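Presented below is the structure to which this report refers.
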Amino acid sequence: MKNGYPKVYALKGGWREWERAEFPYEEKDSELPDIVQGCVDCHEKVTPFVVSEWKRSKHSTNMVSCLMCHGVEHMSDKDVDKAATVKPELCIMCHEAQGKQFAKGKHSKAWKAVQALPSAHWQPMAFIEGIKGCDSCHKIGFKEPKEIRELRKRGAGFGIASCDICHTRHSFSVEEALQPQTCRVCHRGFDQPMWEIYSSSKHGIRNALKREGTLPEDTRAPTCQDCHMKGGDHGVRTAWGFLAIRMPMPEDKAWAEARKTIMQSIGMLDPQGKPTERYKLIEELDLARLTQEDWQKERDKMAKTCLDCHPAVFVDQMFENGDRLVMEADLLLAEAIRIVSALYEDGLVAKPWNYPYDFPDFFAVHDAPTSIEQKLYLMFMKHRMGAFQGGFHFNPDYALWYGLLELQHSLEEIRALDGQLRTKKKRR
Ligand code: HEC
Ligand code: HEC
Ligand code: HEC
Ligand code: HEC
Ligand code: HEC
Ligand code: HEC
Ligand code: HEC
Ligand code: HEC
């Protein structure tokens, strides 16, 4: 095999126990060994696209055959259930560098994050069963064999092996993985409209014009991958992350108070401001950067990326703007949380059974019963997210109109509803 890739990998036994094993046949330069030819001949009839895509892949030209990924236990149409299911660990055996990076990044944890969070189990079954709910995106990441079988049974169409989410089978192409649309499958919509934000930002538009051929091939137009997988690093991870929660607390007193309130609503801090069990879970799942060093490391890495194309003063200013948007959004959200929290305390809104404290629980608020709680949920999941995600991806429409302005509007509505509930009580 070329390029220093290991020569001697093949499946020995079923997929549960594949391991480094001797190559089971003599490698010839061009001819396929009989056993592989057998798979190809039959599969050209039963699944022709599998074979044509594989033939197009670098795997076929490097003797990475069907057997290496699927084993040798299934050899005919009578024993189909014996074909091995591919796990990321298999790809990683040959692609160690990408595997190590992947393991350090957030994608490797997406599956575990959703399984471990209590709220995933509070969703209506109609929503999480099959492959329509959280798992359709969160199936990326390391899983147990049992969970893989379960996913297949539920009809997961692609991406069980994780690595095949961006390098779709059987062409397993780098070219495909480099296109920003690859990320769009999951990074879009309600709470993280990254695709919508990016594709209508200056960066995304230039990239689209380049792809359609209006702008020449050497046009500078960063993709998601340029900024988030620089140098091909598979360990995606950012400073603020999805929740935009971090430690230590900021120096600004009002912002620090606001962040404390939000962390109480995420259930990380108790009413006294002490870390809870969930704080430990969040640390374990790497849902937030909890030290200055950890946060700064990611920030510096990202800033370096911009320096390829922009001057440092400009870049600093852009990050400052982004951080300020997080602050503005936090202040508005925290005020709304305190209003709802006081309504629980005063018994004017019944606190749902599964909320541990007199605080809304953002991990459980899908089933928040009243309209004031629903509004608060939208502030957290949709508008606060939009504000800073729009800010960091340089799309003012999301940052301001769909972000901050919506937050202000919702806060006003929550204040009004609070007023109504309190006057009603006085009258009684
Ligand atoms: C005589 C025909 C035949 C031969 C030879 C054959 N297969 Fe298959 N294989 C099938 C059929 C039929 C299916 C079921 C296809 C379907 O359901 O669309 C199948 C399914 C598969 C699947 C999917 C299994 C699943 O759980 O969905 C894999 C993977 C596979 N074959 C790999 C191989 C490999 C590797 C070889 C060579 C070692 C091979 N096949 C040889 C006929 C064959
Ligand atoms: C580099 C690893 C790799 C190689 C090489 C490979 N496959 Fe696959 N194959 C996969 C993965 C990953 C899946 C998806 C598994 C899943 O979703 O459970 C898959 C799925 C399949 C399926 C199920 C149909 C489908 O597309 O979902 C068939 C059939 C199949 N492979 C046959 C083959 C045959 C025949 C060859 C050789 C011509 C081959 N594979 C080579 C990794 C590989
Ligand atoms: C038996 C070893 C082996 C296994 C297992 C294996 N690969 Fe590969 N892979 C290779 C070799 C060899 C190449 C060609 C390397 C080259 O040309 O530099 C390659 C190339 C690639 C490329 C680069 C393709 C391109 O367009 O340049 C990707 C992406 C890739 N593999 C993904 C995967 C994925 C995903 C899996 C698991 C489903 C997998 N590989 C399993 C050995 C393997
Ligand atoms: C459309 C695809 C998609 C669906 C469906 C989806 N998620 Fe996500 N989820 C993502 C993406 C992408 C991220 C990372 C977003 C970011 O960082 O901006 C994410 C992030 C998260 C995070 C934060 C993880 C972290 O490390 O910060 C949690 C928790 C989460 N999702 C839970 C869920 C739950 C529970 C469901 C089902 C109710 C769900 N997700 C449904 C795509 C999805
Ligand atoms: C989120 C999308 C994504 C996932 C998931 C992913 N890759 Fe990649 N992969 C890419 C991109 C993008 C590139 C091209 C990087 C570059 O050249 O800048 C790449 C490149 C590669 C290459 C070619 C490296 C080279 O230098 O030629 C290999 C091999 C590879 N990936 C293997 C894997 C393996 C193994 C996994 C699973 C552990 C995996 N990939 C998961 C997006 C992904
Ligand atoms: C199969 C769905 C899926 C695809 C495709 C996908 N991602 Fe993700 N991504 C996720 C999920 C889910 C998370 C949240 C992981 C967690 O729970 O920790 C995530 C997290 C991330 C994060 C980390 C955010 C943070 O919290 O710091 C980055 C950055 C990221 N993805 C970038 C990309 C890029 C770039 C691509 C395309 C090359 C891509 N993703 C493709 C599902 C996906
Ligand atoms: C010009 C560079 C750039 C491009 C292009 C880019 N991003 Fe980002 N992304 C950033 C920056 C900067 C941040 C914020 C980093 C921080 O917290 O310091 C970020 C944050 C993120 C996060 C995590 C934080 C959050 O707000 O949830 C995800 C996930 C993400 N981007 C996905 C994507 C996807 C998907 C694309 C393409 C559709 C993309 N990004 C395009 C620079 C970029
Ligand atoms: C591959 C090169 C490249 C990278 C990397 C890149 N940009 Fe850009 N960026 C451009 C180009 C080209 C434009 C179009 C505007 C111009 O320069 O004329 C642009 C435009 C912008 C704009 C819009 C300015 C305006 O007036 O609306 C902002 C803001 C921006 N970039 C910030 C960043 C930040 C922050 C990063 C790093 C997270 C980054 N860019 C990474 C090339 C890049």
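In this text, all values refer to a predicted model and were calculated from it rather than measured experimentally. Both counts, for ligands and for their atoms, begin at 1 and track the order of listing.
- For K202, every heavy-atom contact with ligand 8 shorter than 4.0 Å involves the side chain, none the backbone.
- Under the 4.0 angstrom criterion for non-hydrogen atoms, F392 is not in contact with ligand 8.
- Looking at H107, E298, H228 one by one, the single match for side chain to side chain donor-acceptor pair (under 3.5 Å) with R237 turns out to be E298.
- Looking at A177 against ligand 5, both its backbone and its side chain come within 4.0 Å, counting heavy atoms.
- There is a side-chain donor-acceptor pair under 3.5 Å between T261 and R338.
- Protein heavy atom nearest atom 25 (C) of ligand 1, with residue, atom name and distance: R152 NH2, 3.8 Å.
- Without hydrogens or angle criteria, T47 side chain to V50 main chain gives no donor-acceptor distance under 3.5 Å.
- For atom 5 (C) of ligand 8, the nearest non-hydrogen atom of the protein is T305 O, 3.5 Å.
- Of all the atoms in ligand 5, the ones that sit under 4.0 Å from a non-hydrogen atom of C166 are 1 (C), 2 (C), 3 (C), 4 (C), 5 (C), 42 (C), 43 (C).
- Not a single heavy atom of D226 sits closer than 4.0 Å to an atom of ligand 8.
- Of all protein heavy atoms, the one closest to atom 2 (C) of ligand 8 is C309 SG, 1.8 Å.
- The presence of a protein heavy atom under 4.0 Å from atom 12 (C) of ligand 1 is confirmed.
- Side-chain contact, E212 with T214: a donor N or O sits under 3.5 Å from an acceptor N or O.
- Here the heavy atom of the protein found nearest to atom 17 (O) of ligand 8 is R220 NH2, 4.3 Å.
- Atom 28 (C) of ligand 5 has its nearest heavy-atom neighbour, among H228, Q98, K230, K58, in Q98.
- Put simply, the side chain of P193 reaches to within 4.5 Å of the side chain of Q389, judged on heavy atoms.
- Close approach of ligand 1 to G38 (heavy-atom distance below 4.0 Å) involves ligand atoms 5 (C).
- With W54 as the aromatic partner, R56 does not meet the cation-pi criteria of under 6.0 angstrom to the ring centre and within 45 degrees of the ring axis.
- Looking at R154 and D135, a side-chain N of the basic residue comes within less than 4.0 Å of a carboxylate O on the acidic one, giving a salt bridge.
- Salt-bridge annotation for R299 and D323: present, with a side-chain N of the basic residue lying under 4.0 Å from a carboxylate O of the acidic one.
- For ligand 8, the polar-atom distance check finds no N/O of D308 at less than 3.5 Å from any of the ligand's N/O atoms.
- Classification of the F102-F142 ring pair by plane angle, with boundaries at 30° and 60°, yields perpendicular.
- A salt bridge links K280 with E277: the closest approach of a Lys/Arg side-chain nitrogen to an acidic carboxylate oxygen falls below 4.0 angstrom.
- Taking the six-membered ring where the residue is Trp, F388 and F392 present perpendicular rings, their angle passing 60° and hence far from 30°.
- Close approach to G232 involves these atoms of ligand 5, each under 4.0 Å from a residue heavy atom: 15 (C), 16 (C), 18 (O).
- For atom 8 (Fe) of ligand 1, the neighbouring protein N/O/S atoms at less than 2.8 Å, given as residue and atom, are H43 NE2, H74 NE2.
- Residue F102 approaches ligand 5 through these ligand atoms, each under 4.0 Å from one of its heavy atoms: 38 (C).
- If you number the atoms of ligand 5 from 1 as listed, the ones under 4.0 Å from a heavy atom of L178 come out as 12 (C), 14 (C), 16 (C), 18 (O).
- Proximity of L67 to C39: side-chain heavy atoms (C-beta onward) are separated by under 4.5 Å at one or more points.
- Only the side chain of V174 comes within contact range of ligand 5, with a heavy atom under 4.0 Å; no backbone atom does.
- For ligand 8, the atoms closer than 4.0 angstrom to any heavy atom of F314 are 28 (C), 29 (C), 30 (C), 32 (C).
- Of the N or O atoms in S162, none lie within a sub-3.5 Å distance of an N or O in ligand 5.
- The backbone N or O of D330 lies less than 3.5 Å from no partner atom in the side chain of R259, so there is not a single donor-acceptor pair.
- A salt bridge between D294 and K297 is present, with a side-chain N of the basic residue lying under 4.0 Å from a carboxylate O of the acidic one.
- Geometrically, ligand 5 and H107 share no nitrogen or oxygen pair separated by less than 3.5 Å.
- Considering each of C163, G105, G159, A97, the one bringing a non-hydrogen atom nearest atom 34 (C) of ligand 5 is C163.
- Under the 30°/60° scheme for interplanar angles, the aromatic rings of H310 and H203 are found to be tilted.
- Here the protein heavy atom with the shortest distance to atom 39 (C) of ligand 8 is H310 CD2, 3.4 Å.
- Ligand 1 places these atoms under 4.0 Å from at least one heavy atom of L67: 38 (C).
- Atoms of ligand 5 lying under 4.0 Å from any heavy atom of Q225, numbered from 1 in the order shown and given with element: 12 (C).
- Backbone or side-chain N, O or S atoms of C306 do not reach atom 8 (Fe) of ligand 8 at under 2.8 Å.
- We find that K55 and E44 are joined by a salt bridge, their nearest charged nitrogen and carboxylate oxygen being less than 4.0 Å apart.
- Distance screen at 4.0 Å: atom 9 (N) of ligand 8 has a protein heavy-atom neighbour inside the cut-off.
- In this structure, H43 and H74 have perpendicular ring planes: the angle between them is above 60°, well past the 30° mark.
- Annotation: side chain of K230 is in contact with side chain of D308 (closest heavy-atom distance under 4.5 Å).
- Among all non-hydrogen protein atoms, the one lying nearest atom 35 (C) of ligand 1 is C66 CB, 3.5 Å.
- The cationic atom of R246 (NZ for Lys, CZ for Arg) lies less than 6.0 Å from the six-membered ring centre of W295 and within 45° of the ring axis.
- Distance remark: protein heavy atom present below 4.0 angstrom from atom 32 (C) of ligand 1.
- In this model, a donor atom of one side chain and an acceptor atom of the other lie less than 3.5 Å apart for T168 and E176.
- What sits closest to atom 21 (C) of ligand 8 on the protein, heavy atoms only, is H203 NE2, 3.4 Å.
- Looking at H95, E89, H234, it is H95 that brings a heavy atom closest to atom 29 (C) of ligand 5.
- With no hydrogens or angles considered, no side-chain donor-acceptor pair links D361 and S265 at under 3.5 Å.
- Close approach of ligand 5 to C91 is summarised as follows: ligand atoms under 4.0 Å from at least one heavy atom of the residue are 35 (C).
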